[in-house]
There are 2 protein chains.
Amino acid sequence: MGTHLHHPTLKKNQQLVQDVLLASSSPLSAYSILDVLRDQGFRAPLQVYRALDKLVEFGLVHKLESLNAFVACSHEECELDEPAAFMICETCEGVSELNDSKLTGYLGKLASKENFTLKHTTVELHGLCSNCE
Amino acid sequence: MGTHLHHPTLKKNQQLVQDVLLASSSPLSAYSILDVLRDQGFRAPLQVYRALDKLVEFGLVHKLESLNAFVACSHEECELDEPAAFMICETCEGVSELNDSKLTGYLGKLASKENFTLKHTTVELHGLCSNCE
DNA sequence: TGAAAAATGTAATGTTATTACATGTCATTT
DNA sequence: AAATGACATGTAATAACATTACATTTTTCA
């Protein structure tokens with residue numbers, strides 16, 4: 001099922017960025033991460049973007065396209081396929097990651113019905129979480 | 001079924017922006033639209049963004065979050081609910097808009113299962129269309 | 001027709017992301 | 001150990017996307 005192999009040991013900048021994301025209860029923009037990491041010597045956006053690129057590639061971090069922001073993957077070992085969907089609370093900014101194979105399967109069916117070769121899906125649900133309702 | 005009422009007559013800038021989008025075979029960024037409309041007197045991004053805001057509100061235009069770009073709605077009368085999904089070809093940049101009530105329904109079910117009050121969905125499928133495969 | 005609401009014009013600024021180029025680190029091979 | 005090659009990092013500049021602020025004009029409609 002899983003497509004991600006064991007990811008390599010993280011490099012210094014990758015680990016720093018990952019730690020910032022893990023410590024956050026909501027998605028962060030690259031520039032917010034940069035601000036947090038100025039103390040540890042980060043000076044330029046590219047340092048963050050490069051680390052994020054790798055973390056996304058390893059499946060440890062996901063980009064939320066509708067927010068231009070990034071979240072740490074919420075599945076411990078991160079060897080799953082890409083998540084089916086994210087639910088994003090407009091109030092508390094909390095994000096929950098869904099791995100729903102029925103959804104994934106149905107999106108695949110929609111695509112193949114049109115002979116569309118599916119490479120990547122972005123599913124982001126905006127609204128209010130149960131706490132904030 | 002539909003949530004959009006008849007939209008009002010478009011204002012000058014709204015109509016200009018809409019015409020540019022209708023004439024395009026692929027999504028356009030706000031700045032691309034601005035470039036096209038310089039001849040008709042547009043000078044600033046805000047003129048485009050304001051028109052886009054209204055067009056999106058009327059359901060005549062959709063924003064593709066994963067591209068930071070905009071497309072004209074492909075349903076003539078545009079009185080439907082928001083589209084269920086977009087399929088975006090990485091090669092030709094063509095976009096097809098899906099109105100699939102089963103998908104919409106299933107996303108609603110996923111949300112209510114978690115007591116999440118759904119306000120808006122972003123579903124964007126990236127890959128290769130049948131022509132480009 | 002006159003007041004309120006909506007649309008427009010323009011400048012400045014804020015936010016997100018990439019290009020270009022130089023340097024550093026580390027494992028492998030000889 | 002020196003040479004190589006691959007990858008990671010540092011830094012500056014710029015590009016691309018979007019909003020705030022404020023002045024003015026147009027439209028709506030009571």
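Here is the naming used below: chain letters follow the sequence lines, and residue numbers restart at 1 for every chain. None of these values were measured; they are calculated from a predicted model.
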**Request:** Under the side chain to side chain donor-acceptor pair (under 3.5 Å) rule, what do A:T104 and A:S101 come out as? Steps first, then yes or no, please.
**Result:** CA-CA 5 Å; A:T104 304; A:S101 60; over 6 Å; no
**Prompt:** Between A:L34 (CG) and D:dT9 (P), how many Å, whole number?
**Reply:** 15 Å
**Request:** Using five pairs at either end of the helix from C:dT1-D:dA30 to C:dT30-D:dA1, determine the angle between the two local helix axes and round it to 10 degrees.
**Result:** 30°
**Prompt:** Under the 3.5 angstrom rule, does the side chain of A:S32 hit a backbone N or O of A:L28 as a donor-acceptor pair?
**Reply:** no
**Prompt:** Atom CG of A:L28 to atom P of C:dA17: distance rounded to whole Å?
**Reply:** 13 Å
**Item:** Nearest-Å distance for atom pair CZ/P, residues A:F42 and D:dT9
**Value:** 8 Å
**Distance (rounded to the nearest 0.5 Å) between A:S112 OG and A:L107 CG** = 10.5 Å
**Message:** Does a side-chain N or O of A:Q47 approach OP1 or OP2 of D:dT9 to a distance below 4.0 Å, or not?
**Reply:** no
**Prompt:** Which residue pairs satisfy the salt bridge (Lys or Arg N to Asp or Glu O under 4.0 Å) criterion with at least one member in residues 26-47 of chain B, sequence neighbours excluded?
**Reply:** B:D35-B:R38
**Complete:** Contact check, residues 11-21 of chain A vs DNA chain D, heavy-atom distance under 4.0 Å, returns A:K11, A:K12, A:N13
**Prompt:** Which atoms form the tightest heavy-atom contact between B:L67 and B:P27, and what is the distance?
**Reply:** CD1-CG, 3.9 Å
Is there any protein nitrogen or oxygen under 3.5 Å from a nitrogen or oxygen in nucleotides 15-19 of chain D, and what are the pairs?
| residue | atom | partner | partner atom | Å |
| --- | --- | --- | --- | --- |
| D:dA18 | OP1 | B:K63 | NZ | 2.6 |
| D:dA18 | OP1 | B:N68 | OD1 | 3.4 |
| D:dA18 | OP2 | B:Y49 | OH | 3.1 |
| D:dA18 | O5' | B:Y49 | OH | 3.4 |
| D:dA18 | N7 | B:Y31 | OH | 2.7 |
| D:dA18 | N6 | B:Y31 | OH | 3.2 |

**Fill in**
Smallest heavy-atom separation, B:P45 atom then B:Y31 atom, equals CG-OH, 3.3 Å
**Request:** Can you see which heavy atom on A:E114 is nearest to which on B:S96, and at what distance?
**Result:** OE1-OG, 4.2 Å
Scan the side chains in residues 121-133 of chain A for donor-acceptor partners under 3.5 Å anywhere in the protein, sequence neighbours excluded, and list what turns up.
| residue | atom | partner | partner atom | Å |
| --- | --- | --- | --- | --- |
| A:E124 | OE1 | A:E65 | N | 3.4 |
| A:E124 | OE1 | A:S66 | N | 2.8 |
| A:E124 | OE1 | A:S66 | OG | 2.4 |
| A:E124 | OE2 | A:E65 | N | 2.8 |
| A:H126 | NE2 | A:S66 | OG | 2.8 |
| A:E133 | OE1 | B:T117 | OG1 | 2.3 |

**Message:** Holding to salt bridge (Lys or Arg N to Asp or Glu O under 4.0 Å), I want the full list of residues that pass it with B:K11, two or more places apart in sequence or in another chain.
**Reply:** none
**Fill in**
Correct closest heavy-atom pair for A:N99 and A:E82 would be ND2-O, 4.3 Å
**Asked** Tell me: CD1 of A:I33 to P of C:dT15, nearest whole Å?
**Response** 16 Å
**For atom CG of A:L52 and atom P of D:dT9, their distance in whole Å** = 12 Å
**Whole angstrom value for the distance that separates P of C:dG9 from CG of B:L37** = 11 Å
**Message:** Can you measure A:L64 atom CG to C:dT15 atom P for me and round it to whole angstrom units?
**Reply:** 19 Å
**A:F42 side chain near A:L16 side chain, heavy-atom distance below 4.5 Å** = yes
**Request:** Round to the nearest Å and state the distance from B:L10 atom CG to C:dA6 atom C1'.
**Result:** 14 Å
